[in-house]
Every structure is written in structure tokens, then in C-alpha cells.
Amino acid sequence: MSEEKYNGYDTTIVYDYKEYPDVNSGRCDNCGNAQFKSSVKDFIYIRECRKCGMKKSI
């Protein structure tokens, strides 16, 4: 298995998009992946990266 390069974001917490906007629009700040899975909980939209699991509330 090859070593993945990540930018050191903590994937156990949910980042707020207002405080941490995307560095590259539509891409994960941690690994650069463009595929996400999304969910809604208590009227909050959560976007999770399919590759590294980084979450942002949009």
C-alpha cells in the first residue's frame, strides 16, 4: 500500500466552511480528492471526503 500525502487536518472533527473555506474550490483541503458523500443532520449539511474522511459543514 502506497503512502498517501495529507495536509494534516484532523479528520475526527467537523470543520465549519465559513472558518475554513476550500483552498481549491470543490476539492478536499486534506487530500485534494473531488468526491464527497453528504448527509444532513439537524438541518446542517455535512460534506465528507470519500478518500480521507475530512468533514465540513456547508
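Computed from a predicted model, the values in this text were never measured in an experiment.
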- Message: Grouping I, L, V, M, F, W and Y whenever their side-chain heavy atoms are under 4.5 Å apart, do Y20 and M54 come out in a common cluster?
- Response: yes
- Item | Check against side chain to side chain contact (heavy atoms under 4.5 Å, CB included), K56 and D29 | CA-CA 10 Å; K56 279 191 184 180; D29 292 343; 2.8 Å; yes
- Would you find a donor on one side and an acceptor on the other, under 3.5 Å apart, between the side chain of R27 and the backbone of N33? no
- Keeping the roles fixed (side chain from N30, backbone from N7), state whether a donor-acceptor pair exists under 3.5 Å. yes
- Do T11 and Y6 touch side chain to side chain, with heavy atoms closer than 4.5 Å? no
- Going through the checks in order, is the salt bridge (Lys or Arg N to Asp or Glu O under 4.0 Å) test met by D22 and R47? CA-CA 12 Å; D22 289 345; R47 182 185 79 178; 2.9 Å; yes
- Rounded to the nearest 0.5 Å, what separation is found between the SG atom of C28 and the CD atom of E48? 10.0 Å
- Does any N or O in the side chain of R50 come within less than 3.5 Å of the main-chain N or O of F36, such that one atom is a donor and the other an acceptor? yes
- Task: Over all heavy atoms of both residues, which pair between S57 and I44 is shortest? Give the atoms and the distance, please.
- Result: CB-CG2, 3.8 Å
- Hey, quick one: are I46 and V40 part of the same hydrophobic cluster, counting side-chain heavy atoms closer than 4.5 Å, chains of contacts allowed? no
